[in-house]
Amino acid sequence: NMSGKNQKDSSIEERKQLVAQAIYFLKEQKYDEALEILKNLTKEYPNDIIIKQNLGMVLYEAGKSIDAIDIFKQAIKLDPSVFGNYFNLGLVYLRIGEFKLAKNLFIKAISLNPKADFVFTKLAKVYFDEGDYQNALKAYNSVLEINGKEAPNANLGKALCLVRLGKTKEAKKFYELVHKVKPNQIETSRALALYYLDIGLMKKGLGLLREIEGEVVFSTKKKEVKIISK
């Protein structure tokens with residue numbers, strides 16, 4: 001009947017508005033207010049996956065990792081096909097230092113959404129931090145396949161992996177590509193400059209450092225770079 005449908009529609013609309021309010025509180029870092037709304041909603045609608053996802057995110061942002069893990073697991077149980085819940089659960093495990101569990105969840109998320117470049121980026125970072133540069137390199141290559149060959153952050157990650165793997169010459173072109181795409185990114189320019197100095201291209205390295213830092217004093221005896229700011 002029509003009145004039943006109208007009630008259902010208004011209930012869905014009200015739910016959406018309350019979730020939107022909770023997201024606003026989250027952005028304002030008013031975690032208690034956001035949690036109160038979402039905890040009440042999840043009691044009322046225990047099978048609503050959107051409420052669960054948002055509750056998990058607020059708990060994560062509020063630093064309540066154990067509670068967030070529980071909620072994301074509930075969300076996965078409700079619908080195992082939603083890749084974002086595996087990624088979010090992986091983020092929580094990452095925060096508490098459970099790297100193996102985090103990696104497995106990122107890999108699961110990728111199996112459900114092979115085009116999720118940000119999951120590959122996070123996976124690459126975990127591998128890199130663990131010293132598994134080979135797998136980090138593979139993950140960065142996947143990001144480049146998805147985003148195009150000039151994606152600067154993936155190329156920078158790739159260059160760093162190659163340097164760690166002893167493929168210094170190969171790393172050079174990726175550093176240079178990042179510098180070409182993002183010439184104003186100070187961190188990239190500095191990394192490239194120090195890389196040039198490291199492989200003995202003194203003039204090139206010092207020239208680039210001078211561009212970004214001001215006057216540069218380089219001691220060949222100590223292999224130290226001192227910056228005199230502009």
Side-chain angles (χ1 to χ4, degrees), residues 1-130 139-140 142-143 146-147 151 153-154 157:
N1 73 36
M2 211 47 206
S3 68
K5 184 185 182 298
N6 288 342
Q7 272 184 325
K8 193 180 175 190
D9 287 348
S10 69
S11 150
I12 290 169
E13 197 49 46
E14 193 185 338
R15 221 183 304 179
K16 278 184 186 171
Q17 283 174 5
L18 284 166
V19 170
Q21 199 180 349
I23 291 167
Y24 167 78
F25 282 135
L26 171 61
K27 284 177 182 165
E28 294 292 308
Q29 296 185 342
K30 294 179 176 176
Y31 302 125
D32 290 342
E33 289 91 332
L35 284 173
E36 191 183 348
I37 292 170
L38 292 167
K39 279 180 176 175
N40 286 335
L41 279 174
T42 204
K43 273 179 202 162
E44 206 175 333
Y45 307 102
N47 295 325
D48 187 316
I49 196 163
I50 303 293
I51 293 168
K52 286 266 194 286
Q53 285 171 327
N54 283 292
L55 177 56
M57 281 312 295
V58 176
L59 288 165
Y60 171 75
E61 292 293 343
K64 299 177 187 290
S65 298
I66 303 305
D67 293 338
I69 286 168
D70 183 45
I71 293 296
F72 283 132
K73 280 182 175 176
Q74 286 177 35
I76 287 168
K77 211 171 177 182
L78 282 172
D79 188 349
S81 70
V82 180
F83 90 99
N85 290 322
Y86 296 96
F87 176 68
N88 288 335
L89 183 55
L91 289 179
V92 192
Y93 278 129
L94 203 55
R95 176 183 274 175
I96 62 170
E98 293 282 0
F99 300 117
K100 194 176 178 186
L101 287 171
K103 275 188 301 190
N104 289 341
L105 284 156
F106 294 151
I107 290 162
K108 175 68 178 172
I110 286 162
S111 75
L112 292 168
N113 185 353
K115 295 286 178 194
D117 59 321
F118 58 93
V119 187
F120 278 111
T121 301
K122 190 56 80 174
L123 183 60
K125 178 86 172 65
V126 180
Y127 280 133
F128 188 89
D129 289 347
E130 287 186 329
Y140 281 126
S142 295
V143 177
I146 296 163
N147 282 340
N153 291 341

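Counting begins at 1 with the first residue of the sequence. Values reported hereafter were calculated over all heavy atoms of this structure, with side chains retained and with hydrogens, waters and symmetry mates removed.
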Task: Residue pairs, two or more places apart or on separate chains, that pass ring-ring contact (aromatic ring centres under 6.0 Å, His included) and touch residues 15-45 - done: none
TODO: Please say whether more than 12 non-hydrogen atoms of neighbouring residues, nucleotides or ligands are located less than 6.0 Å from CD in E36.
DONE: no
Task: side-chain contact (heavy atoms from CB on, under 4.5 Å) assessment of V82 paired with I76 - done: CA-CA 7 Å; V82 180; I76 287 168; over 6 Å; no
Task: Contact check, side chains of K100 and N104, non-hydrogen atoms, under 4.5 Å - done: yes
TODO: Compare every heavy atom of I49 with every heavy atom of A75, then report the nearest pair and how far apart it is.
DONE: O-CD1, 3.4 Å
TODO: Verify the ring-centre separation between F118 and F87: is it less than 6.0 angstrom?
DONE: yes
Open item on the list: If you compare all heavy atoms of I146 against all heavy atoms of K115, which two are closest, and at what distance to 0.1 Å?
Closed with: CG2-O, 3.6 Å
Task: Gap between atom CZ of F106 and atom CG of L89 - 0.5 Å precision - done: 9.0 Å
Task: P46 versus L78, closest heavy-atom pair with distance - done: O-CD1, 3.9 Å
Open item on the list: Quick check for you: to the nearest 0.5 Å, what is the distance between K122 atom NZ and L91 atom CG?
Closed with: 6.0 Å
Task: F72 versus M57, closest heavy-atom pair with distance - done: CZ-N, 3.5 Å
TODO: Write down the atom of L112, the atom of P80, and the distance for their closest heavy-atom approach.
DONE: CD1-O, 3.8 Å
Task: Exercise: identify the closest heavy-atom pair between A124 and A139 - done: CB-CB, 3.6 Å
- [ ] Measure the spacing between CD1 of I71 and NZ of K39 and express it to the nearest 0.5 Å.
- [x] 8.5 Å
Task: From N153 atom CG to K125 atom NZ, the distance as rounded to the nearest 0.5 Å - done: 12.0 Å
Task: Approximate separation, where rounding is to 0.5 Å, of F120 CZ and N147 CG - done: 11.0 Å
Open item on the list: Show every side chain to side chain donor-acceptor pair (under 3.5 Å) that has at least one partner inside residues 46-65, sequence neighbours left out.
Closed with: R15-D48, T42-K52, K52-Q74, Q53-N85
Open item on the list: With rounding to the nearest 0.5 angstrom, report the CG to CD distance, L35 to E33.
Closed with: 9.0 Å
Task: pair N113-V119: side-chain heavy atoms closer than 4.5 Å - done: no
